[in-house]
Amino acid sequence: MNYNWNWSAFFDASPEGVGTYMDTLIQGGITTLWTALISFAIAFVLGSAVGILRTLPGRRIGAFAICYVELFRNIPLLMQMFLWYFVLPEALPTDISRWIKALPDGSFYTAVICLGFYTSSRVAEQVRAGILALPPGQRAAGLALGLSRGQTYRYVLLPMAYRMILPPLTSEFLNNTKNTSVALTIGLLEITARARAMQEFSFQVFEAFAAATVFYLAVNMISVRVMQVVERRVAVPGFIAGKA
Amino acid sequence: MFSNFDFGVIYASLGYLFWDGMSFTMLVTIVATVIGTVLGTLLAIMRLSGVWILSRLSGAYIDLIRSLPLVLIIFWFYFLVPYVGQWITGAPRPVQVGAVLSTMLTFTLFEAAYFAEIMRAGIQSIPKGQTAAGAALGLSPTQVMVSIILPQAFRNMLPVLLTQTIILFQDTSLVYVLSITDFLGAASKVAHRDGRLVEMYLFAALIYFLISLAASVYVRGLQRRYAIAR
Amino acid sequence: MISGLRFVTLSRAVCLVALGASLIIPDARAADALTGTLKKIKETGTITLGYRESSVPFSYIDEKQKAVGYSIDICARIVDALQKDLGLAKMEVRYNPVTSATRIPLMANDTIDLECGSTTNNLDREKQVGFSTTIFLTANRFISKRSAKLKTLQDLKGKTIVGTSGTTNIKQINELNTKGALGMTIIPAKDHAEAFLMLETDRAVAFVMDDVVLAGLAAGAKTPDEYEISADALSIEPYAIMMRKDDPPFKAAVDGVINNLYKSGEINHIYAKWFEAPIPPRSINMHLPMSAAFKRVVAKPTDSGDPAAYAGN
């Protein structure tokens, strides 16, 4: 392979004039993590709400929840990024639109919101599946104890459902983290964008992408480990999720 | 901008959008699904083979690919494949691959890792007793795999495989980062050229939505039918 | 052949051998001597041109989605000359889209042989790739909406600026931003069209790029009068056709074609076609006569990547 490897390129001055390429990559890594964490928090809240709605009786609520999930699941993420970033502001009143566009970190907010909604549709499906997988007796038992429907969800159904869906939620979290890279198309300087920028100016293509690769592998491994510990900690002995 | 929504620009570019753009999107989707399923099945068999080196190699590949974002993998492949081609063929220069072939290769190899995990689950879903029964009938392990296990695994996993194909169909839009003309690429080129981005992006989103929705409704129907048959 | 030789006189045989040699040797020498890209083109019968999608009027796609432009025209001349030089009856010309971010790796990995776009030749890049004789001169400026009243670099303080990722322009604005502590947010866009879109939709207040590209984008905008290009120039940018580094015979062939265009005055026609006449897809006219600095390049071709080489005297 006639390619000039030069691993020391990481310590060359970056084109921004401050710090090295390594510094810009680290900054990119931090942006990736923040984007991933905040967007997943949004996805978790929205997804739980929609997922719970789908298990409630009442046709209209259910239909809304189904539409929500289908809408966000059936449009490519990149397309959704563009819709949030370029199209949505045009639909708003001029003043609000101008204010949004003048925000200094516009692509960050857009990425967080876009990923939040996108991932929420997947979380919703998991939450619904988790609740429906519980024996129907649990709901009946909760209601029979005199708990309101809200209390039944809060104290009986959800604690078990979340425990059950912990592994799929972990993989949704990892997917969400990987998906932050799509935001480079709207100018978010996350790790892949930083690697691409390093490649453009240092011309060390493979070193730059190798750094990003190592970053994603590390995030993946650490997340999986952390979730294993969490899973064990919260396990309810004797129940399905408690077998670990 | 919404007040002067221009359907004309959509109408005028329909030919380009579908003939050039969507046909490429579909081509990549089909090629990556077909070859990716075959490769994925091989990877799954390797992983379950019990031969340490094979299962390790296959596992490492699957885990690596699944840990990385598709955008990053697209960049990797686009730049790396010519060198790999040079290394394999022993040519004096990097092998010229080109955008189209490179895209297909990228998606095929990427999806293979995902299809592999699906097929692994499919193979594992077949009771062990069937393997034993096959062996008792005097079939070789290959015959057992090909004529007993795989057809059932494939059939059981068909809805999941198709769901993955729908995701793949949507993911092909990411070739945008390489300026390749898929459906979204075509839409954004027209959008940029004519300054008609609201129209083009909304239209493109609608088309993706309708195709994916139709496909997932079909898959759900399939799932129900198979659930009854089982 | 040998049995035939027995019947001819010695002198005739010498003549025949000499004739045969004169017919064969140049050919043989050419095939042996071919190296690098020329060899590749001869062997494969194909050449791949990298083109840009929105570098108006250098290299962009017209309404039929075909690559056209000033640089593409120059490359077409190069392709014709190469075909003739290499004695190929048929040569396939492939086109591969590139962006600022992908052009150099794609050149290095042999995906493209010539990049016909609007690429600045500078000393940094010369370490990685080769450049032809300079084909155009431009300056790094910024474009903004007239209503924003942005005249100088200082006016951009604290604002969001967009540049095309991988360009010298974005690198320069990044440096100026740090040096002057201007606190600008600088967004890299995939290509010029996407960057201009950010400006058009107010996602950024200014777009930093070569003035000629900015003029092309503005001319093609829905409301060209809305935009204004800064008088402040941040640097001089010589454009050239990009090729692989350390391939002197190929570079000589390419430069030869360009120098001939300059010498014969044919460049004036190509130039006028793209800069002083209506161009596709929407028949806009750039109204940009040849600058004095570029006229000097035409009179005395150079391939220097050092901006100082283009200063007037």
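What's counted below: heavy atoms across the whole structure, side chains too, no hydrogens, waters or symmetry copies. The chains referred to below are lettered A, B, ... by the order of the sequence lines, with proteins before strands, and numbering in each begins at 1.
Here the CD-OG1 distance, from B:Gln96 to C:Thr46, works out to 5.5 Å after rounding to the nearest 0.5 Å. In this structure, CG in C:Leu106 is found 8.5 Å from OG in B:Ser102, a value given to the nearest 0.5 Å.
Residues C:Ser54 and B:His192 have side chains not in contact (no heavy-atom distance under 4.5 Å, counting atoms from C-beta outward). Taking 4.5 Å as the limit, every side-chain heavy atom of B:Leu178 sits out of range of all side-chain heavy atoms of C:Thr99. Annotation: side chain of C:Leu197 is in contact with side chain of B:Leu197 (closest heavy-atom distance under 4.5 Å). Side-chain contact check for C:Thr102 versus B:Phe79: some heavy-atom pair is nearer than 4.5 Å. Looking only at side-chain heavy atoms (C-beta outward), C:Asp110 and B:Tyr83 stay at 4.5 Å or farther from each other.
Residues C:Thr37 and B:Arg93 approach most closely at N-NH1, 4.2 Å, considering heavy atoms. The shortest heavy-atom contact between B:Ser179 and C:Lys190 is OG-NZ, 2.9 Å.
Interface summary for chain C: among B:Gly98, B:Ser13, B:Pro82, the most heavy-atom pairs under 4.5 angstrom belong to B:Pro82.
Contact annotation for C:Arg52: neither backbone nor side-chain heavy atoms come within less than 4.5 Å of a heavy atom of chain B. With a threshold of 4.5 angstrom between heavy atoms, B:Val81 does not approach chain C through any atom at all. Residue contact with chain B, scored on non-hydrogen atoms closer than 4.5 Å, involves the side chain of C:Asn96 exclusively.
Open room surrounds CZ on B:Arg56; 12 or fewer heavy atoms of other groups in view lie less than 6.0 Å from it.
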Can B:Lys189 and C:Ile61 be said to form a side-chain contact (heavy atoms from CB on, under 4.5 Å), step by step? CA-CA 9 Å; B:Lys189 274 167 210 177; C:Ile61 40 181; 3.7 Å; yes
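Side chain to side chain, C:Glu194 and B:Tyr176 meet the donor-acceptor criterion of an N or O pair below 3.5 Å.
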